[in-house]
Each structure stands twice: as C-alpha cells, then as structure tokens.
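Worksheet: one structure, shown below.
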Amino acid sequence: MRFFFWALAVLAIVLVVGGLALQFAIARNGPAVLDTVDRLTGGARGAKRLATLKTGEHPAQKLIIWGLETRDPADPPLPVLVFVHGGSWRSGDPDDYGFVGRAFVPEGFIVALVGYRLMPDGAYPAMLEDTAKAIALLDATVSDYGGDPSRTVIAGHSAGAYNVVMTALERQWLERKGASNDSLRGVIGLSGPYDFYPFDSDSTKAAFGLAPDPEATQPLNHIRADTPPMLLIHGERDELVGLRNSRALTLALTEAGAQARLVTYPEMAHNDPLIALAEPWRSRRDLVATMSKFAREVTR
C-alpha cells in the first residue's frame, strides 16, 4: 500500500513538472511547440502543406498554402482562410503554424499562412504592405490549389490581428498591390490591438514610433460602414492587449453601420485563443467551430 501511494506521488510530481516544462516551452517558442504537440496528438487530419510561395526578396516574405491531402480536381473550389501570425511585430514564422492548417482544412477551407517582415525591417507600414502583397498573390494563385479567391476571410492573432484588421479597414493597402478589396468577405481578429496610441511599449514604439502620422496607424481611426463583417475574439484576462481594444472597435463599427461581433472568454489570457486552435486544447474549446461558422456564413 505504501508503495502505491509513493507511486501516485511520483506520478503527480512528473505530471506537474511536465506541465510546467510545457508551459515554459510555449512561453519560449509557443507556436513551434503548439505545432509539434498538435501534430503528435491530433495527427494530420487529412490536411497537407501544398506549397510555399515567396512574396518578396526578404526571407520572411512568404505564403504557405494548406489544403486537403487528397482532393478530386472536379470538386468545386473552397473558401479561403488566411491567417497572419502574431509576435509583437518582432517574432514569428508561418512555418510554425501548421496547426492552423490542420485545424481549418478539415472544416472545408484552403488555408494560407502569411509571413511578413519583422522588426527592424518590418516597421510601419511594412507589415501592412506585406500582408496586402500576400493576399494579392493568393488572389492570383489560390485557384491552382482548389481555392476560390472571391471568397476570402482574413484572420490573425495579436499583431497579426492588427495587420488583417488594418488591411480590411484601410483600402489603400490592397489597392496598392493590385488586389480587390471586394474579395475580402470577412475578418477575424484574435486578441488584437486596435487602439494603442500613444505608444507605450517597446514593441509599439519600435514598430510605429517613426510613423509620420501616428494616429493614422490606428484601426479605430479608419472605421467604414462598408467594412467586411468582423468577428473579434478576446480573452477577458488578457493583460498584454486589453479587452477594451476589441470592445472599442466593435462599438465603432456597429455605430457606423458595419457588421461586427465580439466574443469574449472570461478565463482566457492573451495567447489562449491561439492555443485553442491546436490539439489537445482544440477539442476542449469552441474557437475553431466559432471561427469556422462565421467564415462559412460570410463566404456563402
């Protein structure tokens, strides 16, 4: 009996230490860890990385396309879900976000993961130029991979949410790259910063501090009634990017006559919505279902 209790105690310690080690690894290089855990616990789910396209000369300027491992070419084209990573405009690589492809390809989407220049090369407006350029290239090529470029939803987490929301709100970025704003059918922002001037953090000062018109960098200052429908998701325990950002943007959009919906999670901190896109957390949360439902509705 004593051995049994000792064994239970050792197992509990191992589980606690293992959990702490996982949390530490996620904090150090979260997306890469999430991608590995997702692949090991959830498998491929019928999704496959189809192509990696260059969107510029910089190594970070790339577009990774995910789709079904096997697909009949005669099948109708699928709606496209674009995902732009976060990382305070200082870190991140779409190569580490395969779990997003494995989350949404089985839901009936072609998934495109966008890479953009990071600091110091990615200071405003470079991150928006690169996001728009990737969408423009996707418009021209996604039909080769079974996607319908006229039914595109753009999504992002944290800094990536800023990128996609600004690209949708301020029409100039896509127009400069020769892309049509009309192809954007919806926008999804996870834990995004949309109202953060004056700049008070190292990351925002570095990324936006030299902008000639700093107030023009703020999504809240580009509200339009004809903005594509938006779904904003935010954790109420987010201490890095306050929930007020999503609340303020939702209110401004709806008051202007645009469609915007805010979904909050009382127990979630800043990175939790992203973690919820990977297994084993995916099956315990409703984020993939919520995002997929929104994307299907706006791309009908």
Please state whether the rings of F208 and Y124 are parallel, tilted or perpendicular, taking 30° and 60° as the class boundaries. tilted
From CA spacing to verdict: salt bridge (charged side-chain N to carboxylate O under 4.0 Å, His left out), K205, D200: CA-CA 7 Å; K205 289 175 183 177; D200 59 1; over 6 Å; no
Donor + acceptor pair across side chains of D272, W281 (<3.5 Å): no
Please test F104 against F83 for ring pair (Phe, Tyr, Trp, His ring centres under 6.0 Å), starting from the C-alpha separation and ending with a verdict. CA-CA 10 Å; F104 291 102; F83 187 87; 7.9 Å; no
Cut-off 3.5 Å, side chains only: do T204 and S201 have a donor facing an acceptor? yes
For the side chain of S180 and the backbone of D182, is there at least one donor-acceptor N/O pair under 3.5 Å apart? yes
N/O donor-acceptor pair under 3.5 Å between K133 side chain and T55 backbone: yes
K293/E107 under salt bridge (charged side-chain N to carboxylate O under 4.0 Å, His left out): CA gap, chis, key distance, verdict: CA-CA 9 Å; K293 180 181 179 182; E107 298 292 330; over 6 Å; no
Under 3.5 Å, is there a donor-acceptor pair linking the side chains of H58 and D121? yes
Kindly indicate, with the supporting measurements, whether the criterion salt bridge (charged side-chain N to carboxylate O under 4.0 Å, His left out) is fulfilled by R171 and D226. CA-CA 11 Å; R171 299 177 69 92; D226 63 343; 3.7 Å; yes
Would the H234 and Y265 ring centres measure less than 6.0 Å apart? no
For L34, is there any backbone N or O sitting under 3.5 Å from a side-chain donor or acceptor partner on R39? no
Keeping E170 on the side-chain end and M166 on the backbone end, is there a donor-acceptor pair under 3.5 Å? no
Could you tell me whether a side-chain N or O of R49 sits under 3.5 Å from a main-chain N or O of W66, the two making a donor and an acceptor? no
Sequence neighbours excluded, the answer for ring-ring contact (aromatic ring centres under 6.0 Å, His included) partners of F109 is none
When rounded to the nearest 0.5 angstrom, what is the spacing between CG in N163 and CG in L128? 5.5 Å
Would you say the side-chain atoms of E236 and T264 include a donor-acceptor pair closer than 3.5 Å? yes
Check for a donor-acceptor pair, side chain of R185 on one end and backbone N or O of R300 on the other, with a separation under 3.5 Å. yes
Checking side-chain polar atoms at under 3.5 Å, does N221 have a donor or acceptor matched by the opposite partner on Y194? no
Please tabulate, for the side chains in residues 136-144, all donor-acceptor contacts under 3.5 angstrom to protein atoms that are two or more places apart in sequence or on a different chain.
unit_1, atom_1, unit_2, atom_2, d
T141, OG1, L137, O, 2.8

